[in-house]
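Everything below concerns the one structure shown next.
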Amino acid sequence: MDETDGRTGRFEATRPHLRAVAYRMLGSRAEADDAVQETWLRLDRAEPDGVENLTGWLTTTVARVCLDRLRSRQSRREEPLGTHLPEPGAELNDELDPEQQAVLADNVGAALLVVLDLLGPAERVAFVLHDIFAVPFDEIGPIVNRSAEAARQLASRARRRVQGATADRSFDLMRQRQIIHAFLAASRDGDFDALLALLDPDVIFRADDTAIRIGAPTETHGAAAVARAASGRAWGAQPALVDGAIGLVWAPAGRLRGAFCFAITEGKI
């Protein structure tokens, strides 16, 4: 019993770090929690008592779990649907000192999580482990089934892609989120003037074939008309990442029924 309690205690002490690793790799809190739980199950089945660095063993294990999930997601061409958008620095490793946390927070914001979706599974794992969590390449190589030098090249290629993508202002998710949250609040409150202020004068609201079949107009033109249509009707929607940008989803009882995509230019929808 003491042995089991000791193992549980050591795992729980490492849980925040494992969640941070899994969250950066998967971009979804729910999937990250699942990956950490699977890591616990693997620990429970294994006998790592002779392992000197249990944190390293657990980090390697959760990375393998995440890699499997990323590959499975890619094969199904699926992307996670997360209604909670990350704040910069969310779920940082509490063991880091304030200076390290500030550096890490600058690198793991919402924009980066979207950019990471552009990477292949092995690239993402190599980049996250090395550039965010400082895992050496000789430990990353076996995880992605490559040599240490090949893992270094994966991370380098991923770094170039991330740097190129984050330079594009279209990845300013935080500003997008502010605008969409303001739109959602104005819609819920029936604040017609606030909606007008958020909408471009020539805005067009378009419905796809599915929405049209259930009664939505094909197109609504102009800020006033769109504001009238949205005023007092929040659709029960919640913010989410939709095609790599901030949007809204309608998912009653957790079942996705509709999605709203927004084009934002110069602070206007």
Side-chain angles (χ1 to χ4, degrees), residues 11-43 54-74 76 78-98 100-135 139-140 143-144 154-155 158-159 161-162 165-166 171 173-174 176-177 238-242 244-247 249 254:
F11 178 83
E12 290 301 326
T14 312
R15 182 185 290 272
H17 167 74
L18 299 177
R19 291 187 74 225
V21 172
Y23 181 51
R24 271 59 183 184
M25 289 189 184
L26 298 173
S28 161
R29 295 181 190 277
E31 284 195 275
D33 286 338
D34 288 345
V36 172
Q37 183 62 26
E38 185 171 341
T39 300
W40 161 249
L41 294 175
R42 294 190 183 190
L43 172 66
L54 183 61
T55 298
W57 188 92
L58 290 170
T59 300
T60 296
T61 301
V62 78
R64 293 183 188 277
V65 171
C66 290
L67 181 60
D68 290 343
R69 288 172 176 263
L70 287 169
R71 285 171 172 165
S72 177
R73 180 192 300 172
Q74 186 180 56
R76 298 192 308 268
E78 291 181 358
E79 296 181 2
L81 175 64
T83 57
H84 177 86
L85 298 172
E87 298 286 351
E91 295 190 59
L92 296 178
N93 185 345
D94 293 335
E95 296 179 357
L96 298 178
D97 63 43
Q100 289 175 312
Q101 287 192 6
V103 173
L104 184 56
D106 188 56
N107 289 291
V108 295
L112 179 61
L113 288 175
V114 174
V115 174
L116 291 181
D117 279 338
L118 302 175
L119 306 177
E123 284 182 333
R124 183 163 182 163
V125 168
F127 176 81
V128 169
L129 288 179
H130 182 265
D131 284 42
I132 298 179
F133 294 97
V135 177
E139 295 180 20
I140 296 173
I143 297 173
V144 295
L154 281 174
R159 193 178 307 117
R161 297 184 67 186
V162 167
T166 52
F171 283 95
L173 296 186
M174 302 309 291
Q176 290 180 27
R177 185 177 68 170
Q238 297 291 333
L241 290 177
V242 181
I246 307 302
V249 294

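Along the sequence shown, residues are numbered consecutively beginning with 1. All values derive from a computational prediction rather than experimental measurement.
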[X] [atom1] to [Y] [atom2] distance, which is reported to the nearest 0.5 Å:
X    : Y    : atom1 : atom2 : value
L67  : I143 : CG    : CD1   : 8.5 Å
L154 : L129 : CG    : CG    : 11.5 Å
R15  : L58  : CZ    : CG    : 10.5 Å
M25  : E31  : CE    : CD    : 13.0 Å

Heavy-atom pair of closest approach, residues [X] and [Y]:
X    : Y    : answer
L18  : F11  : CD1-CE1, 3.7 Å
A35  : V62  : O-CG2, 4.1 Å
F127 : A158 : CB-CB, 3.7 Å
V144 : R71  : O-NH2, 4.2 Å
R161 : G120 : NH1-N, 4.4 Å

> Under the 3.5 angstrom rule, does the side chain of R124 hit a backbone N or O of R24 as a donor-acceptor pair?
Replying inline: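 Yes; at least one donor-acceptor contact below 3.5 Å.
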
> So, does S72 use its side chain to make a donor-acceptor pair with the main chain of D68 at under 3.5 Å?
Replying inline: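 Checked: no pair found.
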
>> So, using side-chain hydrogen bond (donor to acceptor under 3.5 Å, both in side chains) as the criterion, who are the partners of T60 when residues are at least two apart?
In response: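 Listed in chain order: nothing, the list is empty.
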
> For E38, what residues pass the salt bridge (Lys or Arg N to Asp or Glu O under 4.0 Å) criterion, not counting sequence neighbours?
Replying inline: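 Only R42, R69 meet the salt bridge (Lys or Arg N to Asp or Glu O under 4.0 Å) criterion with E38.
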
>> Is there a side-chain contact (heavy atoms from CB on, under 4.5 Å) between L54 and L43? Walk through the geometry before answering.
In response: CA-CA 10 Å; L54 183 61; L43 172 66; 4.2 Å; yes

> Are Y23 and V128 side-chain neighbours, meaning at least one heavy-atom pair lies under 4.5 Å?
Replying inline: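 The answer is no; the side chains never approach within 4.5 Å.
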
>> Tell me whether the rings of F133 and H17 are parallel (<30°), tilted (30 to 60°) or perpendicular (>60°).
In response: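 Perpendicular.
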
